[in-house]
Structure formats: C-alpha cells, structure tokens
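Here the structure is laid out as structure tokens; the discussion comes afterwards.
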Protein chains: 4
Amino acid sequence: MDENTPKDTINAPVRRKRRYDPSRRERIIAVTLEAIELYGITGTSTRKVAEMADVSLGSLTYYFEGINQLIEEAFTQLSLSISNEFRDVLGAAKTREEALIAVVDFIDQKIWGSHSTLTLSFELYTFVTRHPQLKSLPQSWMKQSRAALEQHFTPATARVIDAFVEGIGIHNYFDREPMTRTEIERVIRLIASAE
Amino acid sequence: MDENTPKDTINAPVRRKRRYDPSRRERIIAVTLEAIELYGITGTSTRKVAEMADVSLGSLTYYFEGINQLIEEAFTQLSLSISNEFRDVLGAAKTREEALIAVVDFIDQKIWGSHSTLTLSFELYTFVTRHPQLKSLPQSWMKQSRAALEQHFTPATARVIDAFVEGIGIHNYFDREPMTRTEIERVIRLIASAE
Amino acid sequence: MDENTPKDTINAPVRRKRRYDPSRRERIIAVTLEAIELYGITGTSTRKVAEMADVSLGSLTYYFEGINQLIEEAFTQLSLSISNEFRDVLGAAKTREEALIAVVDFIDQKIWGSHSTLTLSFELYTFVTRHPQLKSLPQSWMKQSRAALEQHFTPATARVIDAFVEGIGIHNYFDREPMTRTEIERVIRLIASAE
Amino acid sequence: MDENTPKDTINAPVRRKRRYDPSRRERIIAVTLEAIELYGITGTSTRKVAEMADVSLGSLTYYFEGINQLIEEAFTQLSLSISNEFRDVLGAAKTREEALIAVVDFIDQKIWGSHSTLTLSFELYTFVTRHPQLKSLPQSWMKQSRAALEQHFTPATARVIDAFVEGIGIHNYFDREPMTRTEIERVIRLIASAE
DNA sequence: GATGAATGAGGGTTCATTCAT
DNA sequence: GATGAATGAACCCTCATTCAT
C-alpha cells in the first residue's frame, strides 16, 4: 500500500502497469525473432525477450507453452516472410527475362543475401535439426519458392535455381570475395538455357 | 578412491579409471565433435563431454581455455576432415569425367549428403555467425574445395559447382523428395559444359 | 468469442461456456476437494481448480479470500462428510452387536479404509499442522465420532475404539498384508468387552 | 579480477569459500529434515535448505538428483531414527512388564507423542501418497516396530499394539484433552491380556 | 599434472493474486 | 457481478568455471 502512494506528484514512482495490450502476443513473437537475430537461439532467454518486448516474464508463458513454442512461432513467421517476399519479387516479373533478373536481385542483395536473413536461416536449420516437427517450415518455404519459379521456368529448372540460390547465398556470406552480380547472372542464364 | 584401492596386493597393476593417457587432448576434441553432432552445441556441456571422454571435469579447463576454445578446435577438425575428404575424392579422379562423377558421389551420399555432416555444418555456420574469428574455417574449407575442383575445371566453374554442392545438399536434407542422382548429374554436366 | 457468436440468428439461445450458475461457490469447493485428492495440496493450483470447475480464474478470488480459504472450506466439507457418514453408519445400528459390526465395516472397506479418504486425511493433517486455526476440524470430527460411538459404548471405550479405527486404517493402507476382517472384529470385541 | 582484489587487508571482502567439507552431504540431509519440520515440504525449497545448511545452491544438485531425492533421503533417515528408537526403547525392556511400560512411555511423550515426530510423519504419509516408491519406508518402519514388540508379545498382539500406538498418538495430537497416561496404560494392558 | 567438490549467475517455468474492463 | 490478461516473486535446475588438494 505504502509503495503505491506517491509522496507528491513529482516523485511519483514509475510503475509499468500496462494492462490492455491487444497486440502483445504478436509483438512478443516479433521481438523473439529480433532476439534470435541479435543473440542467436543460445543467447535468447525468456528474460531477455520479456525485457525487449517490455513485458512481464509471466506473459511469455501466459501466451506460449514454453520458450520452444515461442521460437517455433517466431521461425514460422520468418519462414512466411521470406517465402512471401520471394513470391512477391517473382510475381512482379512479367516476362521470363524479368524473372531472371528478379532471381539475381534476390540473391545479390535484396533478401536472401542479407546478413540478417542468413543468420536467421542458420539458426533455423540448426533448430530444425533438433526439432524435426519443424521440418515442414523449410519444406513449405521451398515449395513456395519453386511454385513462384515455376511461373516462369520448368519444375526441373526451378529446382536447380532454388538450390543454387541457397548455395551461393551461403558461400557469398562467408566468402571474402563474393561472386559478382555479373557472374551470378551468367549462372542463372546458363541454368535457364537448358530447358 | 577407496573402492579402487587394492587392499593387499600393493603393486597390483590395477587399471585406474583415468589411466595414463597421452592422446587425451585429441580424444577430448573428437568427443566434443560427437557431442555436438548428437546434442547440438546447445546440448553440449562440459560435464557431458568430460563424461563421454571418460575424463575428469577439470581436464577440460586444464587443456582448454574454456568451452568455446574446445568447440573451436572441434570445428577446426571437422572443417579439415570434410575438406580433406573432398580433396581425396577429387584427387583420385584422373580424368575430367571421373571428376564429374566424384562430385556427384560427394553430393549424393558419400559425404556432404550425410545427415551427420549437414547437422554439424549447420551448427558450425550458426556458431561462426556469433564468433566471427572462426570465419576462416568455412573460408579455407571453400578454398580447398575449389582448389580440388580446379584440377579439373576452370576457377569460375569450380566456384559454381561448389555453390551448387552446398545448396543441393541442404535442400535434399529437408526435401521429402530429394533430387535424384540422375538429375544431379545432369546439372553438374550442364555447369561443366559452359566452360 | 467469435466462434461462439451466431452469425445470423440474433436471439439464438447459445449456451455460453460460462452459463448462469447459482451453485458456483459450492461447486468450486467440491472440485477443490477432488483436486486435492487427485494432485495433493501441492499440486492444486488456482488455475487447475478454475479449469476443473469450468469457472473463470477471477471467480476464485471473487468468492474466496485466497487459495487458503478455499482449501479450508474444502477440508471443512471433507470433515463434515466423513463424520456424518460415521454417524449415519453407527446411527443405523439398533443393538450393540450391530454397532460392533458397523465399526468393523467402517474400518474394513466402507469409508475410512478407502484410499481416497485416507489420502485426503493425510493432506488435512499436514495442512492443519501449518494452519492451527483448523485444528477444530479434526477435533469436531473426533467429537462427533465419539458421540456416535457413545450411543452404544461408554465414553472411555468409545475413545479407544476411535483411536484404534484411526491407527488400523493407516496401517492397513501401508501394510502389504493388511489386518483381516476377522482380526479387526476380534480386537473391537476385545475393547468392547472391557466395559 | 577486480572484484577479488582486496583494496587493503582491512576491508577484504568476506567471501564464503568453504572448500573441503566432507560431511556436507549428510548435513544437507539433516538440514532438510529440519526444514520439513519447520516449514513443511511445501515450504521447503532448495534455496531455504541451501541457506540453512550454509551451502551454495549448486551443492544441492551436485549431491542429489533433485529436490525429490533429497526429500526421500531425509525421510529415509527419519524413518530409520524413529524405528531405531522404538527398537532401543523396547530392547531395553527385560520383562513383559517393562515392555508394557516402555510402550506407554513411547506413546505418552518420549518419541511418538512429540509434536516434531508427528508433524514429520504427516508430511511423510502425504508425500508417500504421491510417491508410491517410498511406501517401503513406513512398511519397514512398521516391520521393525512389530519385530521389537514380538520380543515380548505374540505377533497378533504386537500388531494391535502397533496400530493403537499410531492411532492414539495422532488423536492425542489433535485432542484438547488427550488421553491420560493411566488410560493409555489400561488399554495396553487390555490388549496384552488377550493373548 | 590432474582432480572434482564447490560456486552462483542465470536458465525456463509456475503460481497466487490484482485490477481495468 | 464476473472476467482473464497481466504481474513478478519464487520455484527447481544447469552450467562454465574455479581452486585447494
């Protein structure tokens, strides 16, 4: 009782008493993804997420079964974001030529090539390895990528492009002299030419 | 101690639990890699490694600065193993045709396609993301792969093959209908044909 | 809320999850006793009780001061049930001989010997130890047991029988070879014979 | 490093660094029993035990699988103490008459009648209810009590006395007017007379 | 050189209770 | 009157690391 009574209006203690926060669940998920990007799954604790989301510790287990479910939902969202973005980029292409360029863009810098995306993907792959029930995440992600590519290429070609996107993205991440845009384009054209 | 001490035969050559063991350091590293494969970095603790290596807990910090150094050395060894194996497989190829088949084998089942290798690679990639000083590991690994490939292909082709190996390995790991050997071979031949 | 709201039949008498419920307080108490029997006081939480009673979480602190008051009321009810049952069983006896048999029945299987009753009694005894204001519960329970016995036996005998009932019930609960009905009857007759 | 460096010898920080504490495990068990008596199992936490034993938190899980194993060991010790004490008291009796008096003493005040013992017994009974693997504790305790009694009485009588001891102890604990020593003695003699 | 008992910060989670609606 | 989202202290336990022997 005492601790809630402000001595005077000036020194009133700042007490976080945020009730009614309708988008709380979504914010927690988004913040979790940020935490994973910043600190890795290893460094992502309930306490850190709660603090980053400006939320009490109890909120996490109020909305989620446990930290694993939280991570799963965060990854689900990540997976959706990436594959939707790929779909959008490819979907905007009207001709086969535009599609080719869109793929190159996707690798080169726009999405897949980004530090953030790759970092999160590595975390996801590693996590899926230990939690096989999440295999559906990269699976449906791959499925959607290929569906988007198949609007412009044959299934076989789509598959090869998809795999190349994956591989070159990772290699460029580590490589001190990443493959140039010109070279990427040459490869994509080569693959596409084989249909 | 008591239970291991022979009561009356003073010089009896009793096998102590922790016997004289010159290769202890190496064994700890090897066991750490096993632990990472089995439980992930997250699930690999000093206690578990010590127990698996049949070594005292103190040994770990006696031989290594800390658990991170231990993991780093384990990954260094992993990196060496994989790239050496790739070098050997490629090195055994006498003709360009044999080299092509060797690459297909490498992807298809022998090494890179294995569950164990991919699992460890994901752990490594994730770890490197948080410990940039280890970037040299995948870098020199890539360097050696390409050097091996360059015995039979141009540098540009070597690079593309290398990236494709990476990507298709990962995709096949997640894919419920992995790319067939025939299809893999077709792609490799396609890439090689562009020289 | 959405899923329970009828889309077009405005006045449809949809059964809400939480319907009008006049005996809610009593039900909560009864359910609490069930929870204690199933999970022990340790395993009985407000959430679990609310869920089992199909009642909102807030109801518990709305109807009760706190969980301790809830437990107290549950135990009060338990105490009443058991002692009333004992009173009824004894009250139905018309002769001293029938009373003897009734006591044997009470121990042997009917009430006191039951797993459920003993489980709850242990919980109660333990709880009373930490909340002395509840000592009146076993006290009035004992008082009523003796009053029922005194319809057929002297106070001194009633007391001894009562204590024996307590002791043999507990021992038979743990004993792998419980005391037989014949033997129980022999003891009761022995005690009764001393008047 | 900084925090360990004393600024001067006078203000050297007091750091509990108790290494080598050979009886630590036993002390933790003993302290746990004290904690259970004082606060009940419900109120006995790892933190409280660690503090009471002047031991670090980690020591508890270093020596015990978890808090349940700790409680089990504490109860095992309790069970041993009580039944040994009963054995000793009875064992000191040379004649049947002395044995009778020993039993009365045991109930009346010495051991079983004590607040402490009954409190712990209630906790034990309640705990066993939820952890059936501990049923052997009260079982072997009963077994030993009867063995001690059978030095002076027939098995049937031993069993009845044992049950009566249990029941009267509990009832006297709750009763505002406990059974007098004289009355207890009368009952014991009555039971013994039936052989 | 080698050990393993000891440490304590930090992990995930549960809980009774509060209170704006 | 009744709700349930929100709180934060406290729970048990794991961990890398230290250090007296």
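Chain letters run A, B, ... following the sequence lines, proteins first and then strands; every chain starts at 1.
- Atom CG of D:L70 and atom P of F:dC11 are 14 Å apart (whole Å).
- Place B:T61 and A:L57 on DNA chain E by their nearest nucleotides, and B:T61 ends up nearer the 5' end.
- Pairing for E:dG11 is with F:dC12, a Watson-Crick or G-U wobble pair whose two hydrogen-bonding atom distances lie under 3.5 Å.
- Atoms OG1 and CZ, from C:T32 and C:F75 in turn, are 10.5 Å apart once rounded to the nearest 0.5 Å.
- The backbone N or O of B:F122 lies less than 3.5 Å from a partner atom in the side chain of A:T126, making a donor-acceptor pair.
- Put simply, the side chain of A:R47 and the base of E:dG10 share no donor and acceptor less than 3.5 Å apart.
- When heavy atoms are screened at a 4.0 angstrom cut-off, C:S45 is found touching the sugar-phosphate backbone but no base atom.
- Contact annotation: C:S56 side-chain N/O to F:dA2 OP1/OP2 distance is not under 4.0 Å.
- With hydrogens and angles left out, the side-chain atoms of A:E73 and A:Q69 include a donor and acceptor closer than 3.5 Å.
- When the nearest nucleotides of DNA chain E are assigned to B:S59 and A:G43 by heavy-atom distance, the more 5′-ward of the two goes with B:S59.
- No side-chain donor-acceptor contact under 3.5 Å links B:S23 to the backbone of B:E26.
- Look at CD1 on D:I67: it is 16 Å from P on F:dA10, rounded to the nearest Å.
- Between C:Y62 and the phosphate of E:dT17, there is no side-chain N or O to OP1/OP2 separation shorter than 4.0 Å.
- Backbone-only engagement by C:G66 is indicated by non-hydrogen atom pairs under 4.0 Å involving sugar-phosphate atoms exclusively.
- For the pair A:F64 CZ and E:dT14 P, the computed distance is 15 Å after rounding to whole Å.
- Rounded to whole angstrom, the span from the CG atom of D:D54 across to the C1' atom of E:dG8 amounts to 14 Å.
- Look at E:dG4: its Watson-Crick or wobble partner, with both distances under 3.5 angstrom, is F:dC19.
- Residue contacts shown for A:T44 are limited to sugar-phosphate atoms, with no base heavy atom under 4.0 Å away.
- As rounded to whole Å, 18 Å separates atom C1' of E:dT17 from atom OH of C:Y63.
- Of the residues near DNA chain F, B:N68 and D:T46, the one whose nearest nucleotide (by heavy atom distance) lies more toward the 5' end is D:T46.
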In sequence, state the C-alpha distance, the side-chain angles, and the governing distance for B:R24 and B:Y62, and then conclude on side-chain contact (heavy atoms from CB on, under 4.5 Å). CA-CA 11 Å; B:R24 177 171 288 208; B:Y62 180 78; over 6 Å; no
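- Atoms CG (B:L60) and C1' (F:dC15) sit 13 Å apart, rounded to a whole Å.
- Computed from coordinates, the A:I41 CD1 to E:dG12 P distance equals 12 Å when rounded to whole Å.
- Computed from coordinates, the B:K48 NZ to F:dA16 P distance equals 9 Å when rounded to whole Å.
- Residue A:R24 has a polar side-chain atom (N or O) positioned under 4.0 Å from OP1 or OP2 of F:dT7.
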